Amino acid sequence: MAEESDDRKPLLSKKIDKFFTGLADAWNFVRRFWKEVFLPPYEFKEVIHQCYRIGVESLPLISLTGFIVGIVFTNQSRPSLSEFGATSWLPSLISIAVVRAMGPLVTALIAAGKVGSSIGAEIGSMKVTEQIDAMEVSATNPFKFLVVTRVLATTFMIPILVLYTDFVALMGSFLNVNSNELVSLSTFFFQVFESISFLDIWSSVLKSLLFGFTIGIVGCYKGYHSSKGTEGVGRAANSAVVISMFLIFIEELLVLQVVNAIRTF
Amino acid sequence: MAEKVVEIRDLYKSFGDLHVLKGVDLDLFREENLVVLGRSGTGKSVLIKIMVGLLKQDKGQMNVLGKEVSQLATKELNELRLKIGFSFQNSALYDSMTVRENMEFPLVRNIKNLTKKEITMRIEELLDAVGLPNTINQMPSELSGGQKKRIGVARTLILNPEIMLYDEPTAGLDPITCVDINNLINEVRERYKTTSIVITHDLTCAKMTGDRMAVLLDGQFSSIGTFEEVFPHAEDKRVKSFYDYNFIES
């Protein structure tokens, strides 16, 4: 797209103007994504490639983190429950906490750090080395190839990673419960599935879709609008992580309100 | 008289308070090599970026192959872009792709129904033409600066462009590689019958490759003509100092 020169005088102050024009830019970026995602040509091969990069290459980190979260959370909860003689409720407590909040949140925060920064840095460096311009002058739509594919990949892969994290965290928890309370695997998972509902799982998956979209779109937006050489690339990667994390917490809060409202019906 | 392929009239472009182009007029004729010279920051690259629609002028006309670039819809602009090859200053090869993938990228997206064999043949032919037949599976990070430039040129040639735009083709290269690149520019013109604009501040490159020179000073072309007409006896001090710096005479 041709860039317009910006020689307008600021309406309020430069900082406030910059904030609002930034918001408008981001809104237009999201709108452009929704427009381009449905229009051919479709870059299926690149979507699959990105899904592999985002999903499979994040597995080791996600596995380790999920497992540790399960063990630590179980260990930290035990003293409080044992005061009431309710350690048998540990599987229920852990499952609700992991499926409803910790699984999606931990996965999304780790993905924001790992995937968001890498998307921001990769697209940012392509921008400053004119690779995006090179795509554009060869009559290829760089937005479709770089942005649409990555956002779709994060949106599809984060929910899958979240379900995987839930499972790994529960396994970590089981290991801890089993070594302390001698609870068998079947009893542990019987209690787990008795405590969680379909609404918990669906809200977790829907929330993860939102987190995935946020991580992808913020990383791409920051990379696509980076400037000022390598310094700008670093800044793009950094702000992609910070803004994604901030938005993930806001979304968590909003989704929680909606799900709680549904639960009361 | 040769056919005009590019016609620029009264072209203006500013970035905020910085007025880069201030009423540029220029004609480019079929199968000629035009060299645009000027100091850094004078708007040479801006001019060719407007030509391919990467930037939009504030005022004036940029007519390429009979079409006003600023008036074109995305589809028409992309059709025009297929006829223009743009060789970037830093080559702009896609880091994450091999040389083969770099060259396939524009081809498979713009020409449908090509078989794998046809694609490979076309890539090999062009790599041969730029003198790098054995680099097909290499990554850009494994290539030297001169090799990257050559692959960049090969990638733009894969779509058979009518016009080639070279942005600082010899910047950052050693003198011998510069001569190789200059020869390549001339070979491309002869072999593929392209019309070219070469953006540079290297007078050796200009002398070797250009049929005509156009010197961009203060947002306008101060002198246009053959190398001999523009440089050795230039009256404009700024043009003369340009010549003196590049060809120090005792």
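Proteins come first, then strands; the chains are lettered A, B, ... in the order of their sequence lines, and each starts at number 1. Remember, it's a predicted structure, so these values are computed and weren't measured experimentally.
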Check your understanding: Is it true that atom CZ of F167(A) has more than 12 heavy atoms of other residues, nucleotides or ligands lying nearer than 6.0 Å?
Key -> no
Point to revise | Check: E130(A) main-chain N/O paired with N90(B) side-chain donor or acceptor under 3.5 Å | key: no
Check your understanding: Rounded to the nearest 0.5 Å, what separation is found between the CE atom of M135(A) and the CZ atom of R109(B)?
Key -> 7.5 Å
Point to revise | Neighbour count above 12 (heavy atom, 6.0 Å) for Y42(A) OH | key: yes
Review point. Which pair of heavy atoms, one from A134(A) and one from F88(B), lies closest together, and at what distance?
Key: CA-CE1, 3.5 Å
Practice item. Of all the heavy-atom pairs spanning Q131(A) and L93(B), show the shortest one and how long it is. Key: CD-O, 3.3 Å
Exercise for review: May I ask you to check whether over 12 heavy atoms, not counting those of R39(B), lie within 6.0 Å of atom CZ?
Suggested key: no
Check your understanding: Any chance NZ of K112(B) has more than 12 other-residue heavy atoms, nucleotides or ligands included, within less than 6.0 Å?
Key -> yes
Check your understanding: M97(B) versus chain A, heavy atoms under 4.5 Å apart: side chain, backbone, both or neither?
Key -> side chain
Revision key, fill the gap. OG (S138(A)) and CG (N78(B)) are apart, to the nearest 0.5 Å, by 9.0 Å
**Study point:** Rounded distance (nearest 0.5 Å) linking atom CG of L54(B) with atom CD1 of I132(A)
**Key:** 11.5 Å
Check your understanding: Looking at OG1 of T129(A) and CG of D95(B), how far apart are the two atoms once the value is rounded to the nearest 0.5 Å?
Key -> 5.5 Å
Point to revise | Toward chain A, the part of N110(B) with a non-hydrogen atom under 4.5 Å | key: side chain
Review point. What are the two closest heavy atoms between L82(B) and A139(A), and how far apart are they?
Key: CD2-CB, 3.5 Å
